[in-house]
Each structure stands twice: as structure tokens, then as C-alpha cells.
2 protein chains.
Amino acid sequence: MGTNAPLYAQVEQSLVARLGVSLHPGDRLPTEDELIDEFGVSRITVRRAVQNLVARNLVVTRRGQGSFVAVPSFTQSLTALTGFVEDMDAHGLPSRARVLRVEEIAAPPDVRAALDLPLGARVTRIQRVRLAVGHPVSFDDTYLPTDLGRLVAQDDLENEQIFTLLESRHGTPLTEASYAMRASTADAVLADALEVAEGSAIFRIERTSYTSGLRPVDYEVLHYRGDAITFTTRLPRARTPGQEQ
Amino acid sequence: MGTNAPLYAQVEQSLVARLGVSLHPGDRLPTEDELIDEFGVSRITVRRAVQNLVARNLVVTRRGQGSFVAVPSFTQSLTALTGFVEDMDAHGLPSRARVLRVEEIAAPPDVRAALDLPLGARVTRIQRVRLAVGHPVSFDDTYLPTDLGRLVAQDDLENEQIFTLLESRHGTPLTEASYAMRASTADAVLADALEVAEGSAIFRIERTSYTSGLRPVDYEVLHYRGDAITFTTRLPRARTPGQEQ
DNA sequence: TAGATCATGTTGTTATAACAACCGATCGGC
DNA sequence: GCCGATCGGTTGTTATAACAACATGATCTA
């Protein structure tokens with residue numbers, strides 16, 4: 001990422017590298033003037049770097065006081081969630097996977113963003129079709145940093161869950177995950193893999209799983225047959241307007 | 001918001017006001033130089049305004065070409081029960097409703113199940129198209145028990161929110177809701193209402209809202225344009241040893 | 001002593017300026 | 001006619017500069 005990246009990106013990355021090392025949640029960052037001196041750039045540049053960190057929820061700024069490392073307590077979502085494939089497993093449906101491909105590639109932008117990897121980083125991609133009672137229900141792309149990916153790649157991906165492998169065998173406890181869900185339709189590849197007609201409904205889920213320290217370790221794009229999955233949840237009514245936080 | 005708000009916020013708001021009116025998805029925005037002339041501000045100010053629109057997914061910029069209106073798309077966090085207008089307000093976007101139909105019908109089985117009604121019960125059905133920044137985003141069926149439905153039917157459904165009507169005017173505080181979300185595709189009716197091609201992706205949500213005592217009072221079937229909405233959530237790792245994924 | 005005021009340090013807003021990177025079309029040479 | 005170079009238009013990056021708004025603690029005043 002060295003010298004040809006924008007200065008603000010270099011400053012930004014340099015600050016990120018300190019998080020959890022010399023900078024901890026609640027700590028105050030160096031002031032803008034200090035960063036100007038330290039990096040030898042202009043104020044507009046350090047401000048852009050800090051603003052990007054704010055946008056990434058890593059830093060909060062308080063006018064008149066300074067900028068502070070955010071507390072990563074951002075895990076609200078008091079919602080208990082049921083459903084999903086747990087349902088399938090709970091129904092006792094045997095779930096197997098057909099591994100289509102395991103390879104090492106340069107991380108695409110969305111993968112880099114999810115796993116917080118620098119430009120040019122490589123990842124292991126695992127492409128599988130998941131089956132329930134013998135019929136395909138989802139087409140999954142799993143992306144792992146290569147250090148983990150090389151380990152997992154040697155395991156029995158047809159019969160073991162990646163989550164289980166990570167947790168039990170590779171010392172990577174998973175603490176939480178973020179989900180992004182969309183409705184989509186099947187292109188030719190998906191249709192073929194899932195044995196549905198092209199244009200059929202697809203429930204698309206991007207899931208990023210985190211290990212301790214909120215470090216992302218597993219990014220998956222799951223394409224479920226639209227008729228094979230329902231996502232259910234229960235949410236409380238937003239509290240009285242007039243105060244939030 | 002008048003004169004004491006930052007200039008970039010005023011420019012930003014002024015641009016948002018044009019979305020769906022004189023600016024439609026795919027259109028090119030005025031260039032930065034044109035905006036400078038038009039608003040009489042500096043480049044740093046118009047750039048900040050445009051960047052904020054980019055951050056809100058309302059605009060995309062292409063270096064060397066210009067800035068363009070994005071097709072409306074929203075990321076909705078699944079943290080609390082909120083109505084469409086509340087969601088759009090949270091994004092700072094103008095929203096409207098087009099009421100297609102208000103009628104009393106015999107409750108179909110799924111409605112009876114959701115609202116806990118006996119066989120033969122009647123309900124009020126309200127059919128609406130929801131628009132954000134001037135473009136259809138969702139096609140909604142709302143089912144209310146007739147006692148509530150008759151009250152709500154006399155209100156101004158184009159401009160008032162059903163949740164607000166229920167809570168403020170008709171003494172029915174909402175406490176929580178259950179969601180069931182699926183991927184589907186657009187039939188002819190949906191395609192026409194949402195101005196998409198038949199077969200396009202649809203994010204379908206069944207939502208049952210409850211009032212005190214967990215009494216169901218409002219059952220909705222929401223059909224979002226699949227390309228217009230992404231739902232996100234964040235979940236702690238389920239601690240169920242033995243099965244996951 | 002309690003309260004108001006001020007000084008200082010901090011982030012927030014805005015202007016001016018210049019150059020870089022990129023896109024698309026036009027123009028030129030072969 | 002085809003292909004490369006050039007040029008005008010656009011967004012991206014960065015520097016310098018000044019003032020505003022806010023927080024905090026010190027100082028001044030009643």
C-alpha cells in the first residue's frame with residue numbers, strides 16, 4: 001500500500017495499526033496539530049484520515065475536546081434471532097456440502113473491506129453447494145485470510161462445518177457476526193448449481209464473522225434458494241421519540 | 001434548518017430536494033464548478049455536500065465523468081420496529097405513499113393466523129405503494145381488524161403514518177413485531193406497481209405488530225424492490241455446541 | 001465563596017489555489 | 001481506415017489560511 005496510496009489513506013492506516021496496541025478504547029488520539037507534525041502533512045489530510053476512522057466507527061470526535069478511540073460496544077441488537085439454517089439442522093435434516101472449488105486469489109474489494117485487509121492481500125476462497133436431504137439449498141462463497149484458509153483447506157469440508165473447524169481445531173473462537181441480506185435472482189451459474197430456473201428468487205446473505213477483539217476472520221456470501229429459507233426475527237418498538245443517544 | 005446550518009448541509013439538502021423531481025436515477029448532477037456558481041460557495045463546500053450524498057448512497061461519482069444520481073437503495077438496520085416513513089426520515093429522505101385501495105374483506109387464512117382472528121372474521125385491507133425520493137420502493141398490504149381499520153380508513157393515509165395513527169390517535173401503542181423475510185420475484189401486478197420488470201427480485205416481509213398484552217393488531221406484507229433495500233443485523237455467536245452455520 | 005469572564009486548546013467550517021488522474025472525443029499521422 | 005496523441009472537462013488529492021464553536025480550567029469580580 002506504500003507510497004502511491006493517498007496520504008490520508010496512509011495516515012489512516014497508520015492510526016489503525018495503533019488501535020489495540022498503543023491506543024485503546026477511550027484513549028484520546030493525538031490532536032490534529034500533533035498529527036500534522038508527526039506525518040508532515042496538512043490539516044486537511046489528517047482530518048480526512050480521522051473522518052474516515054469516524055465513518056468506520058473506530059473513532060469518535062468531540063469538538064473542543066479531541067478525538068477518541070471508540071468503544072467497540074457497538075453490538076446492540078438486543079434481538080434474539082431464530083430461524084435460518086439452524087432451523088434445518090434443528091429439523092434433523094442432514095446437511096452436507098459439495099465442494100466446488102478451493103483456491104487462493106487476490107482479495108476483491110468487498111472481501112478486503114469485510115476482512116479489513118490491505119490492497120493486494122490474498123485470501124482463500126471456498127466455493128460450496130450445501131445440500132439438505134440431497135437437494136441443494138445454498139451456494140456459498142467463503143473467504144478466509146490465507147493463514148487460516150490454508151489450514152481449513154486441508155480439512156474435510158464436505159462433512160464438517162467451517163465454523164466448527166475454526167473454533168475447535170484452529171483456535172479461532174467466533175464471537176459475533178454481522179449480516180447483510182438482499183433479495184436477488186439466479187444467474188446461469190447459480191441456477192445450475194442450485195438446480196433452479198434462471199431468474200429464480202435468491203436470498204443473498206453476506207456474513208462477516210468476528211473473533212475476539214472484533215477481528216474479522218471469515219467472510220461469506222451465501223446464496224439461498226428463495227423458496228428454501230425464511231429469516232425470522234422479533235423486534236421491540238423503538239423507544240419514545242425525543243431522546244436517543 | 002435555514003441559515004445557521006453549515007453551508008454544505010444546505011447545499012446537500014437542496015440537492016436532495018431535487019431527487020425524484022428534476023433529478024432521476026442515472027442523471028448527471030451539475031458539475032462541481034456549476035454548483036459553485038449556483039450556490040456561491042467554494043469547491044470544498046460543494047464537494048463535502050456531494051460526498052455526503054455518496055455516503056448516503058444517493059449519488060455515485062465517477063472521476064473524469066461526473067456525479068450521477070444513484071438508483072435509490074437503502075440499508076436498513078434490524079434493531080427496532082419502525083415504519084417506512086420513520087426509516088426514510090432517519091435517512092433524511094422525502095417519502096410519500098400512493099394509496100391504491102382501502103377495502104373490507106373476509107380475512108384470508110394467513111391474515112387470520114397472524115392477527116389471531118376466528119374463521120369468517122373481516123379485516124380492513126390497505127394497499128399502498130411507498131415512494132422514496134420520488135420512486136417506488138415498496139408495495140404494501142396492511143391488514144387491520146375492522147374496528148381499528150374503520151378508524152384508520154378515515155384518516156389521511158397518503159400523508160400520515162399508520163403506526164402514528166394507531167399509537168397517537170387510536171390508543172393502540174405498539175410494543176413489538178415479528179418479522180418473516182423471504183426472497184421472491186415480481187409478478188405482473190408487483191412489477192407494474194414498482195416500475196420494474198416482471199421477474200425482478202423482491203424482498204418480501206411479513207410483519208405482525210403487537211400492542212400491549214402481545215395482542216396482534218397489524219399484519220403487513222411488504223414487497224420491497226430487491227435492488228432497493230439491504231437489511232443488516234449483528235448477532236452474537238449462538239452458543240449451541242454441535243450445530244451451527 | 002460563588003458566579004461570571006477569559007484564555008487556551010481543540011475540532012468544525014469555509015475559501016483559495018494548484019496539480020493529478022482519469023474519461024471521452026477530436027485530431028493527426030501512417 | 002485505423003491507431004495513437006492531444007485536449008478539454010471532470011473528479012481526486014493536498015496545501016495554506018482564517019475564523020467559528022465548543023470545552024475546560026484559571027482568573028477575576030461581587
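Only heavy atoms go into these numbers, but all of them, side chains included; no hydrogens, no water, no symmetry mates. Residue numbers start from 1 in every chain, and the chains themselves are labelled A, B, ... in the order their sequence lines are given, proteins ahead of strands. The shown structure was predicted, so the numbers you read here are calculated from the model rather than taken from an experiment.
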Quiz item: Looking at side-chain heavy atoms only, is the closest gap between B:Thr233 and A:Thr233 below 4.5 Å?
Solution: no
Quiz item: C:dG24 C1' sits how many Å from B:Arg62 CZ, rounded?
Solution: 13 Å
Quiz prompt | Residue whose nearest DNA chain D nucleotide is more 5′ - B:Ser67 or A:Arg63 | solution = B:Ser67
Self-check item: Pair B:Glu220 + B:Arg130, salt bridge at N-O below 4.0 Å
Solution: no
Quiz item: For DNA chain D, what residues of residues 19-35 of chain B have any heavy atom nearer than 4.0 Å?
Solution: B:Arg28, B:Thr31, B:Glu32
Quiz item: Where along residues 38-49 of chain A does a heavy atom come under 4.0 Å from DNA chain D, residue by residue in number order?
Solution: A:Val41, A:Ser42, A:Arg43, A:Ile44, A:Thr45, A:Arg48
Quiz item: What do the steps show when you test B:Glu167 against A:Arg237 for salt bridge (charged side-chain N to carboxylate O under 4.0 Å, His left out), and what is the final call?
Solution: CA-CA 11 Å; B:Glu167 294 190 312; A:Arg237 176 64 170 151; 3.0 Å; yes
Exercise. Establish, with yes or no, whether the OP1 or OP2 oxygen of C:dT10 is under 4.0 angstrom from a side-chain nitrogen or oxygen of A:Thr61.
Key: no
Quiz item: Reckon A:Gln51 has a side-chain N or O less than 4.0 Å from the OP1 or OP2 of C:dT11?
Solution: no
Quiz prompt | Pair B:Phe203 + A:Phe203: ring centers closer than 6.0 Å | solution = yes
Self-check item: Protein-nucleotide distance (A:Leu7, atom CG; C:dA21, atom P), rounded to Å
Solution: 12 Å
Quiz item: Will you find, in the side chains of A:Glu206 and A:Tyr219, an N or O donor that is under 3.5 Å from an N or O acceptor?
Solution: yes
Quiz item: Among the nucleotides D:dA23, C:dC23, C:dT13, which one has an atom lying closest to any side-chain atom of B:Tyr8?
Solution: C:dT13
Quiz prompt | Whole-Å gap separating P (D:dT11) and CG (B:Asn52) | solution = 16 Å
Self-check item: Spacing between A:Gln65 atom CD and D:dA21 atom P, to the nearest angstrom
Solution: 18 Å
Exercise. Tell me yes or no: between the side chains of B:Asp87 and B:Thr82, is some donor less than 3.5 Å from an acceptor?
Key: yes
Self-check item: Under-4.0 Å salt bridge between B:Arg47 and B:Glu32
Solution: yes
Quiz item: In whole angstrom, what separates B:Ile36's CD1 from C:dA18's P?
Solution: 14 Å
Quiz item: Any salt bridge between B:Glu12 and B:Arg56, counting N to O under 4.0 Å?
Solution: yes
Quiz item: Between the side chains of B:Asp140 and B:Ser138, is a donor N or O closer than 3.5 angstrom to an acceptor N or O?
Solution: yes
